[in-house]
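The chain is numbered in sequence order, starting from 1.
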Amino acid sequence: MAGGVAKSDQGRLTEVAGLERDRPLLGRSSTAERVADILRDRIAEGYFPPGARLSEESIGGALGVSRNTLREAFRLLTHERLLVHELNRGVFVRVVTVEDLEDIYRVRILVECAAVRGLGQGPYDAGVAEAVAAIEAAVQAGETASADREWQALSTANIRFHQGIVALAGSPRMDELMRGVLAELRLVFHVMADPRRFHAPYLTRNRQIVEALQAGDAAEAERLLRSYLEDSRSQLSGAYAQRIAEG
């Protein structure tokens, strides 16, 4: 399936060329982890779409890193389920299955709802208030993107909204877990290629959730969030299954 979704070789060369701009990010302390960070961001942004084959020679040359460093970065991203190694074929951006998508939402419901539930009843301390302010900023960014018809920016704002929800827990481990889960989810959205359809309808619900948090009503915020995620799972899973079946 990976090869069937991949872009043309010419398109991939264009994507790799953009990596040269990321080379200064590596600095003197170039590590496989930092290379993995760059590639993870590029995959999440859609520069390397699901099914795309990643060329060691092209990417290593663009970033100015050794083959061993790049292979270690690939290994890290394979462990995160963003890449897959196919014997005698190479490394590809993973194509998420429908079963994977269902599991992603199970994790999201568990983690995001727990982060909100853990707040208890308000008023909240300064740290939580700051986290809620970041969620409010993500909601505003989404509303602005929608008004400007910037659908990719809307998708990014929605991801930041959910990252902000998890940040309410104040747990670096939960933040790291959700970063991987949401990166996997973006692979699904890249296949669907319709951010407006899958994000715009939820803007009003994002606003309702943040208003409940601002009012110190964690119970209502959790109720709204759980309903939101269940509806999103149902809508996206059905559409994604159809898209995968169509190839």
Side-chain angles (χ1 to χ4, degrees), residues 1-97 100-101 103-104 107-108 151-153 155-160 162-163 166-167 172-193 195 240:
M1 178 181 291
V5 186
K7 288 187 174 183
S8 67
D9 289 342
Q10 182 177 0
R12 289 199 296 271
L13 286 174
T14 300
E15 293 154 0
V16 169
L19 286 175
E20 294 176 356
R21 296 193 299 272
D22 292 325
R23 187 184 292 192
L25 297 177
L26 296 173
R28 294 183 178 179
S29 58
S30 176
T31 64
E33 287 83 2
R34 191 66 191 97
V35 173
D37 287 342
I38 290 172
L39 294 179
R40 185 188 302 106
D41 289 343
R42 288 289 182 163
I43 291 168
E45 292 164 3
Y47 284 89
F48 298 110
R53 181 179 179 276
L54 302 188
S55 165
E56 288 185 7
E57 182 177 358
S58 298
I59 294 175
L63 291 176
V65 297
S66 70
R67 178 168 293 183
N68 286 340
T69 296
L70 187 59
R71 286 180 176 176
E72 176 62 12
F74 283 172
R75 188 192 67 78
L76 293 171
L77 295 178
T78 299
H79 181 71
E80 294 178 20
R81 302 174 64 83
L82 295 180
L83 301 180
V84 59
H85 179 267
E86 297 188 9
L87 188 63
N88 299 324
R89 295 195 64 215
V91 176
F92 294 82
V93 178
R94 189 161 162 269
V95 178
V96 175
T97 67
D100 291 328
L101 179 57
D103 193 41
I104 286 169
V107 173
R108 291 187 67 192
W151 307 124
Q152 194 57 47
S155 175
T156 298
N158 196 54
I159 291 294
R160 288 176 180 166
H162 290 285
Q163 288 174 324
V166 175
R173 289 171 179 81
M174 287 179 68
D175 292 340
E176 183 177 356
L177 170 64
M178 189 52 54
R179 182 180 67 172
V181 168
L182 293 176
E184 272 194 271
L185 185 63
R186 294 200 82 162
L187 295 180
V188 174
F189 287 126
H190 292 323
V191 170
M192 301 309 298
Y240 189 68

Enquirer: Heavy atoms only: give me the nearest Ala44-His190 pair and the separation to one decimal.
Expert: O-NE2, 2.8 Å

Enquirer: On a heavy-atom basis, which atom in Leu70 and which in Gly60 lie closest, and how many Å separate them?
Expert: CD2-N, 3.6 Å

Enquirer: Atom CD1 in Ile38, atom CG in Asp41: separation rounded to 0.5 Å?
Expert: 8.0 Å

Enquirer: How would you list, by chain and number, every residue that makes a side chain to side chain donor-acceptor pair (under 3.5 Å) with Asp103, sequence neighbours excluded?
Expert: Arg106

Enquirer: Which heavy-atom pair separates Val35 from Ala73 by the least distance, and what is that distance?
Expert: CG1-CB, 3.7 Å

Enquirer: Please set out all donor-acceptor pairs under 3.5 angstrom arising from side-chain atoms of residues 74-81, sequence neighbours excluded.
Expert:
residue : atom : partner : partner atom : Å
Arg75   : NE   : Glu72   : OE1          : 3.0
Arg75   : NE   : Glu72   : OE2          : 3.3
Arg75   : NH2  : Glu72   : OE2          : 2.7
Thr78   : OG1  : Phe74   : O            : 2.8
Glu80   : OE1  : Arg40   : NE           : 2.8
Glu80   : OE1  : Arg40   : NH2          : 3.3
Glu80   : OE2  : Arg40   : NH2          : 2.7
Arg81   : NH2  : Asp100  : OD1          : 3.1

Enquirer: Step by step, work out the side chain to side chain contact (heavy atoms under 4.5 Å, CB included) result for Phe189 and Asn158.
Expert: CA-CA 12 Å; Phe189 287 126; Asn158 196 54; 5.8 Å; no

Enquirer: Looking only at heavy atoms, what is the nearest atom pair of Tyr240 and Val95, with distance?
Expert: OH-CG1, 4.1 Å

Enquirer: Which atom names give the shortest non-hydrogen contact between Ser155 and Arg186, and what distance separates them?
Expert: OG-NH2, 3.5 Å

Enquirer: Is the shortest heavy-atom distance from the side chain of Arg108 to the side chain of Leu185 under 4.5 Å?
Expert: yes

Enquirer: Closest heavy-atom contact between Val166 and Met178?
Expert: CG2-CG, 3.6 Å

Enquirer: Determine, stepwise, if the pair Leu39 / Leu82 fulfils side chain to side chain contact (heavy atoms under 4.5 Å, CB included).
Expert: CA-CA 10 Å; Leu39 294 179; Leu82 295 180; over 6 Å; no

Enquirer: Counting C-beta onward and ignoring hydrogens, is there a side-chain heavy-atom pair between Ile43 and Leu83 closer than 4.5 Å?
Expert: yes

Enquirer: Evaluate the side-chain proximity of Val91 to Arg53: yes if any heavy-atom separation is below 4.5 Å, no if none is.
Expert: no

Enquirer: Name all residues meeting the side chain to side chain donor-acceptor pair (under 3.5 Å) criterion together with Glu56; count only those two or more places apart in sequence or in a different chain, and write none if there are none.
Expert: Arg67, Arg71

Enquirer: Within 45° of the ring axis of Tyr47 and under 6.0 Å from its six-membered ring centre, is that where the NZ or CZ of Arg42 lies?
Expert: yes

